[in-house]
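Throughout, residue positions are numbered sequentially from 1 according to the sequence presented. From a predicted model like this one, the values you see are computed outputs, not experimental measurements.
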Amino acid sequence: MFRLRLLIFFPIALFLVSLGACNDDFENYSTNPGDTLSFSVDTLSFDTILSTVGTPTLGFMVYNRNPQPLLISSIHLASGSESEFRINVDGASGMSFNDVEVGAKDSIYVFVEALLKENSQKLPVLHSDQVVFVTNSVQQKVVLEAYGQDVYIWKGKIIETSEILPNDKPYLIYDSLEIRKDATLTLQEGTVFYMHSKAKIKVFGTLKAKGTEENRIVFRGDRMDSDRLIYISYDLIPGQWDGLFFGATSFDNELDYVWIRNGSYGLDFEISDPVQSKLKISNSIVTNVSGPLITALNCRIEGDNCEFSNSRNALMYLAGGKYTFTHCTLANYYANIGQWGRSDNPTLTLTNKYYKWDEATKKNIPQPLPLEQADFSNCIVYGANPQSGINLAKDTTDFTGTIYNYHFQNCLVLYDGTSRTSFVNCKFNEDPVFVNTQLIDDDLKKTYPYDFRLDSISPARNVADPEIARLYPYDINGISRFQDEGPDMGAYEYVKNK
């Protein structure tokens with residue numbers, strides 16, 4: 001029995017001795033004030049943060065580059081309990097920490113979150129604090145900075161009567177913003193909507209959004225940080241929210257100087273009646289969606305001086321109705337990155353039928369939709385892939401007698417079809433040579449915003465119909481179309497040294 005006890009005792013004793021020895025080695029802390037900490041950043045800066053809304057987590061590294069362990073006697077926020085920041089030190093959350101060990105040639109993580117108070121200002125206001133480290137009586141600091149933007153927060157908001165929204169601060173939309181039938185919502189210049197994940201705008205009445213060249217009206221996602229895996233700002237990532245949906249009862253909508261970006265879709269129009277105007281859209285940009293950009297069924301839509309760009313599915317799908325687009329750029333160079341997927345769909349589809357779900361047969365039943373008019377003048381319709389051009393999807397099976405009218409005047413188009421009688425003074429399959437059609441470089445560490453303005457060597461320069469251009473003498477950026485040899489196709493007039 002005694003020998004058995006010895007056999008059990010000695011391994012335990014050896015373990016405790018070795019453990020104590022390890023602790024003794026680690027507790028041999030340097031007391032030299034010259035042995036200080038190093039940090040991966042001097043200042044940790046957040047992107048603009050919406051007030052009262054929590055932020056994504058940022059972090060920095062704390063290094064002990066010395067040959068002996070260090071004991072940080074204190075890590076705390078300089079503003080104490082009044083701070084709008086919170087820290088996490090090596091897995092523990094709080095506002096202050098004592099006796100934090102950092103081994104020789106070792107490091108620890110510090111993670112930071114912010115929840116900023118309202119500042120009662122229209123423009124973003126700088127909020128700051130410091131993470132203070134005290135080691136061997138030496139004080140070191142890392143500055144924390146964040147710009148806070150006050151917002152109106154709406155969750156499932158319903159507009160039941162006509163009203164004009166104030167534009168003194170942005171709107172953060174959760175779930176949806178719905179405009180009821182017979183109500184008109186008017187947006188003033190500079191109004192900004194931050195759309196939370198899955199949020200949408202549902203219009204059953206009328207939306208009047210009238211911005212200016214200097215103060216556009218913006219619909220975008222509410223994330224302002226970057227994806228850490230692909231180094232891309234969320235403001236460049238599609239699928240951040242849903243989009244704008246217009247019901248069958250919605251008419252006389254107007255969008256002027258509006259920027260809609262990064263949704264799951266852009267503008268979705270329910271089947272309607274083309275006798276009455278569905279939408280007039282001017283000087284606007286709809287871009288970068290993970291689904292279809294514009295889908296319209298039997299609607300009446302007029303567009304001029306607009307950029308419609310980058311979608312995983314159809315960029316513009318028009319089934320039946322009446323449409324006129326003048327000096328518009330339709331460009332699909334959707335980035336094929338990771339789970340974003342590749343876009344192999346036509347940039348523009350024109351068709352005279354649609355499929356309606358039949359509950360009795362549980363099938364999609366084809367229905368005729370007369371395409372009364374689809375006129376494109378002084379436009380560019382192009383894409384990155386051979387198949388991302390124009391798809392003239394006239395029905396020749398179910399509804400051969402259904403009206404199918406289209407016309408392209410002085411346009412640059414990606415189109416390989418043989419039926420060209422409705423293309424007048426057009427250029428076919430010539431690269432428009434935009435300023436930039438790539439989002440990222442090869443190593444995914446730098447982004448380049450898309451730029452669908454024309455390069456100096458673009459074949460779309462000086463070849464637009466001048467009589468049509470005189471009806472729209474200024475481009476989307478307010479630049480005269482008659483400043484050089486002639487007006488350019490598309491939404492943008494070339495400018496030297498831009």
Are any non-hydrogen side-chain atoms of W241 and F193 less than 4.5 angstrom apart? no
F46 and P56, any side-chain heavy atoms less than 4.5 Å apart: no
Can you give the donor-acceptor pairs under 3.5 Å from side chains of residues 367-376 to other protein atoms, not counting sequence neighbours?
from : atom 1 : to   : atom 2 : distance (Å)
Q373 : NE2    : D375 : OD2    : 2.8

Residues passing the ring-ring contact (aromatic ring centres under 6.0 Å, His included) test with Y152, sequence neighbours excluded, are Y171
State, without any angle test, whether E189 and N167 hold a side-chain donor-acceptor pair at a distance under 3.5 Å. no
Using the ring-ring contact (aromatic ring centres under 6.0 Å, His included) rule, take Y382 and F434 through it: C-alpha gap first, then chi angles, then the decisive distance, then the call. CA-CA 10 Å; Y382 222 83; F434 296 118; 7.6 Å; no
With a 4.0 Å cut-off on N to O distance, would you call D484 and K496 a salt bridge? no
Listed by chain and number, what are the salt bridge (charged side-chain N to carboxylate O under 4.0 Å, His left out) partners of K202, not counting sequence neighbours? E178
Checking K155 against Y174: charged group under 6.0 Å from the ring centre and within 45 degrees of the axis? yes
Any side-chain heavy-atom pair of W154 and L177 under 4.5 Å: yes
Distance-minimising heavy-atom pair for C379 and F325: SG-O, 3.4 Å
Restricting to pairs with a member in residues 160-177, which pass salt bridge (charged side-chain N to carboxylate O under 4.0 Å, His left out), not counting sequence neighbours? none
For L350, is there any backbone N or O sitting under 3.5 Å from a side-chain donor or acceptor partner on Y404? yes
Residues in salt bridge (charged side-chain N to carboxylate O under 4.0 Å, His left out) with E84, at least two apart? none
Passes salt bridge (charged side-chain N to carboxylate O under 4.0 Å, His left out), K208 versus E254? Steps please. CA-CA 5 Å; K208 304 280 190 183; E254 296 181 32; 2.8 Å; yes
With heavy-atom distances below 4.5 Å as the criterion, would you say the side chains of T351 and D395 are in contact? no
Check the pair Y415, F423 against ring-ring contact (aromatic ring centres under 6.0 Å, His included), reporting the backbone distance first and the verdict last. CA-CA 10 Å; Y415 175 67; F423 292 84; 4.9 Å; yes
Per side chain to side chain contact (heavy atoms under 4.5 Å, CB included), I179 is matched among I158, L185, T184 by L185
Looking at side-chain heavy atoms only, is the closest gap between T295 and N313 below 4.5 Å? no
How would you list, by chain and number, every residue that makes a salt bridge (charged side-chain N to carboxylate O under 4.0 Å, His left out) with K200, sequence neighbours excluded? D242
